[in-house]
There are 2 protein chains.
Amino acid sequence: MTIDDAPREALRGGPRELLRWVATGAAVSRADLSRLSGLSPSTVSQRVEALINQGLLEETGAGRSRGGRRPRQLAVPTGGAVVGAIDLGAHHARVGTLDLSGRVVQGRTLPVRIEDGPEAVLGALLAEVAALAAAPDDPAASSATGSPTSGAAVGALRGIGIGIPGPVQHATGRIVSPSRMPGWNGFDVAAFCAGRVDVPIIVDNDANLMALGAHRTAYSELDHAVYIKAGTGIGSGVISSGRLHRGAQGSAGDISHCRVVADPAPLCSCGNAGCLEAVASGAALVTALRDQGVPVSDLTGVIRLIDDGDRHATALARQAGRAIGEILAVVVNFFNPQVVAIGGRLADCEPLLASMRATLYERCLPLATQTLLIERVATGQDVGITGAAHLVIDHVVAAN
Amino acid sequence: MTIDDAPREALRGGPRELLRWVATGAAVSRADLSRLSGLSPSTVSQRVEALINQGLLEETGAGRSRGGRRPRQLAVPTGGAVVGAIDLGAHHARVGTLDLSGRVVQGRTLPVRIEDGPEAVLGALLAEVAALAAAPDDPAASSATGSPTSGAAVGALRGIGIGIPGPVQHATGRIVSPSRMPGWNGFDVAAFCAGRVDVPIIVDNDANLMALGAHRTAYSELDHAVYIKAGTGIGSGVISSGRLHRGAQGSAGDISHCRVVADPAPLCSCGNAGCLEAVASGAALVTALRDQGVPVSDLTGVIRLIDDGDRHATALARQAGRAIGEILAVVVNFFNPQVVAIGGRLADCEPLLASMRATLYERCLPLATQTLLIERVATGQDVGITGAAHLVIDHVVAAN
DNA sequence: TGACTTGGTTCGCTTGTCGAAGAAAGTGGG
DNA sequence: CCCACTTTCTTCGACAAGCGAACCAAGTCA
């Protein structure tokens with residue numbers, strides 16, 4: 001089953017919002033929800049009852065009194081329904097199951113070889129999701145981060161969200177001219193997956209999903225946000241008025257082939273020279289270091305060199321930061337977001353981040369940077385699957 | 001009176017939308033409105049009745065039958081209520097009155113000297129708006145363009161919208177560090193006007209208003225649009241999901257100080273070098289030509305030279321077009337709009353437009369430009385006041 | 001023990017929308 | 001001329017969402 005309509009706007013006090021408030025601990029009782037949502041107590045009661053009947057919420061006894069009747073505490077059932085999520089990267093994939101409030105239940109990182117082609121890669125990952133959903137007590141499924149309830153029973157799988165490191169037509173679930181995914185061009189991910197599992201499948205660009213994940217977990221009160229994923233490739237996701245902005249063709253946020261000044265301008269895999277991706281991506285750093293005779297095999301090696309203070313690697317990281325900052329300056333001036341959130345493996349690289357920040361402050365309107373947050377995303381490796389899950393939940397949990 | 005809340009989203013089939021359909025001729029009867037809006041006939045009847053009672057709509061007899069009962073034709077009353085609009089430019093201001101459907105009733109272009117300061121300039125323009133609203137039959141008020149009903153009686157003034165060629169905090173109506181408006185920094189336009197006339201005042205950046213005007217008149221069915229104003233200065237306005245995107249500080253769209261490659265990089269009025277405005281704005285073209293020893297006094301002279309095929313002027317125009325295209329390429333990749341609409345006096349400059357288009361097609365993702373419209377705005381000099389009026393109408397006409 | 005506070009439900013009202021039915025006002029064929 | 005059919009528009013009842021008022025429940029605190 002494929003879903004082709006755009007997700008509805010999260011309505012004020014809609015079931016998803018109530019669920020999220022309970023899940024995040026912002027609300028523990030109906031009264032809390034009423035205060036938070038602005039809805040009348042009667043309406044909240046009604047909705048909570050519906051959610052309980054759907055099994056999406058449960059009562060867990062009475063809480064502490066605050067001078068009156070004790071609240072009947074609400075919680076998202078552990079062991080309830082889950083959604084699956086896959087965040088595909090160039091060399092690794094993060095797969096997991098999340099409960100309907102968007103909390104990670106189980107998470108696992110798997111090595112992938114993207115060049116094996118879509119059938120092999122997606123087939124294995126789908127199987128892994130199915131295994132996670134079916135094997136509630138697998139202790140190996142628990143990862144170091146974000147597995148608060150990994151030992152609990154796992155309920156029915158309600159849908160799977162998939163993030164792809166390349167351009168995706170979200171509406172159809174098809175991949176369009178990806179630059180570093182040989183054999184994937186034109187592949188219909190949604191259709192392929194729909195033929196293997198009988199739950200709704202949602203496919204989107206990985207940076208979009210990460211933007212959504214970061215927004216929902218860290219910046220939900222902000223209207224406009226830009227998320228930068230700096231890893232093997234460079235991508236970005238855009239939140240406008242609290243909603244994911246995909247643009248006309250679904251390619252919004254794809255800044256990887258914007259031209260930046262670089263001397264000499266390195267050739268990009270797209271055939272042009274001087275693309276941001278060819279200057280500032282993890283893959284570009286590896287290539288550049290090798291060209292200088294430094295023996296590195298992958299991005300991990302580059303990051304280690306930078307951490308060790310290697311001057312060639314650090315200089316390259318600074319150059320990359322400036323290049324990203326240059327493009328981002330235009331984006332910030334144009335879009336005027338409240339926050340620029342940075343994730344991906346290069347986000348932990350201090351010289352890069354510092355150069356990027358400096359360039360941004362230097363090249364943006366003072367008005368635009370005056371209250372702008374420029375932050376590393378805290379959620380770490382689960383941002384992507386969190387966003388994917390939220391997208392699925394938005395489709396699966398009734399809008400009203 | 002000042003308005004500080006953001007305009008509500010135009011609801012499906014809301015009164016404003018119905019009004020607009022009637023005004024544009026898209027609908028002439030209740031049945032048309034029902035078909036267009038998707039609302040049931042009963043609901044449409046109800047709303048139309050309310051609009052008629054408010055004096056915003058009137059019945060104008062029966063239309064032609066199409067094989068059944070003849071429709072009762074609807075129209076926006078001529079001589080009904082109007083809103084005032086001021087589109088302030090560097091050397092001229094366009095002022096006018098528009099009916100509640102957004103059609104220009106009266107329009108007039110006045111010379112202004114921005115350096116006379118806000119009190120003098122705005123005082124004179126407000127007086128002009130008041131005069132237009134009070135003097136229904138002034139034949140001189142009729143302009144060459146867009147004055148379909150200039151001879152009709154003018155009704156009550158319901159509000160005034162003002163576009164400012166610099167950064168404006170829309171919420172407060174205050175001007176923030178404008179680059180070419182000496183004496184205007186920090187001026188509270190809304191408060192000043194509220195003290196002079198007793199109608200709602202709405203203030204916004206001129207490019208924002210032009211974007212809104214262009215979107216409502218030409219691209220209302222498109223979700224995402226970018227409007228470029230290329231005149232004495234360079235500005236842009238952003239439409240995201242059909243609504244004006246102002247960003248966190250209200251400075252969204254301000255691309256004038258993005259850096260572009262230029263050799264030598266000219267100094268900008270902001271103190272930096274190589275700003276888009278210092279390379280590609282009308283003011284920059286005048287300066288550059290003078291530096292080459294060509295005697296031009298203003299932008300009109302430059303445009304005449306370009307039209308006459310002067311090679312220095314044409315070369316500069318091409319360079320300006322490339323510079324704009326460079327920045328716009330990042331914007332298009334990032335935002336992925338359906339249309340890039342170009343207005344302002346330089347929009348009629350073919351070499352500039354051609355270079356801009358070429359750069360855009362060269363530097364953007366194929367996916368992003370594949371169906372992208374890159375067009376001159378047809379509405380001409382009334383785009384700005386049209387947008388201003390729409391903003392006012394959105395506040396004045398009840399949301400539901 | 002009783003006044004007060006907080007939490008939550010029940011019930012009736014308002015509002016907005018829709019669908020069905022039907023009235024109004026035409027066209028056009030026999 | 002009559003009657004079937006179309007189009008336009010209104011009326012009326014049904015229905016759903018949400019709210020406020022009243023009320024019940026269950027505490028705290030003096």
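The basis for the numbers below is simple: all heavy atoms, side chains too, and nothing from hydrogens, waters or symmetry mates. Computed from a predicted structure; not experimentally measured. In what follows, every chain begins at residue 1, and chains take the letters A, B, ... in the order their sequences are listed.
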Worksheet item: Over how many whole Å does the gap from A:Gln73 atom CD to D:dA26 atom C1' extend?
Response: 15 Å
Item to complete: Would you kindly check whether a donor in the side chain of B:Arg69 faces an acceptor in the base of D:dT7, or vice versa, at under 3.5 angstrom?
Response: no
Practice prompt. Look at the side-chain N and O atoms of A:Arg70 and state whether any lies under 4.0 Å from the OP1 or OP2 oxygen of D:dG27.
Written response: yes
Practice prompt. Would you indicate what B:Ser34 reaches in the nucleic acid, counting non-hydrogen atoms under 4.0 angstrom: base, sugar-phosphate, or nothing?
Written response: nothing
Worksheet item: Could A:Glu17 and A:Arg47 be called an ion pair, given the rule that one side-chain N must be under 4.0 Å from one carboxylate O?
Response: no
Discussion item. Counting the atoms with a prime plus P, OP1 and OP2 as sugar-phosphate, which does A:Pro71 contact under 4.0 Å by heavy atoms, base, sugar-phosphate, or nothing?
Written reply: sugar-phosphate
Worksheet entry | First of A:Asp32 and B:Ser40 reached from the 5' end of DNA chain C, by closest nucleotide | A:Asp32
Discussion item. Side-chain N or O of A:Arg64 versus OP1/OP2 of D:dT28: is the shortest distance under 4.0 Å?
Written reply: no
Discussion item. Within the structure provided, determine whether A:Ile239 and A:Tyr227 are in side-chain contact (heavy-atom separation under 4.5 Å).
Written reply: no
Item to complete: Give me the ring orientation class for A:His224 and A:Phe335: parallel if the planes are under 30° apart, tilted from 30 to 60°, perpendicular past 60°.
Response: perpendicular
Worksheet entry | Donor/acceptor link under 3.5 angstrom from B:Ser42 side chain onto base of C:dG19 | yes
Fill in: Out of C:dT27, C:dG7, D:dT11, whichever nucleotide has its closest atom nearest the side chain of B:Ser65
C:dT27
Practice prompt. Check every atom of D:dG18, D:dC9, C:dG16 against the side chain of B:Arg47 and return the nucleotide holding the closest atom.
Written response: C:dG16
Fill in: Lys/Arg-Asp/Glu bridge criterion (N-O < 4.0 Å) met for A:Arg216, A:Asp394
yes
Item to complete: Would you mind reading off the distance between A:Leu39 atom CG and D:dA16 atom P, rounded to a whole angstrom?
Response: 19 Å
Worksheet item: C:dG7 phosphate, OP1 or OP2: any side-chain N/O from A:Arg66 under 4.0 angstrom?
Response: yes
Worksheet item: Start at the 5' end of DNA chain D and walk down; is the nucleotide closest to A:Val44 or to B:Gly67 reached first?
Response: B:Gly67
Practice prompt. Please state how far atom CG in B:Leu57 lies from atom P in D:dC9, giving the value in whole angstrom units.
Written response: 12 Å
Response to the item:
Separation of C:dG16 atom C1' from B:Gln46 atom CD, nearest Å, is 7 Å
Fill in: Distance in angstrom units between A:Leu74 CG and C:dG8 P, rounded
7 Å
Item to complete: Establish, from distance only, whether the side-chain atoms of B:Thr371 and B:Gln338 form a donor-acceptor pair under 3.5 Å.
Response: no
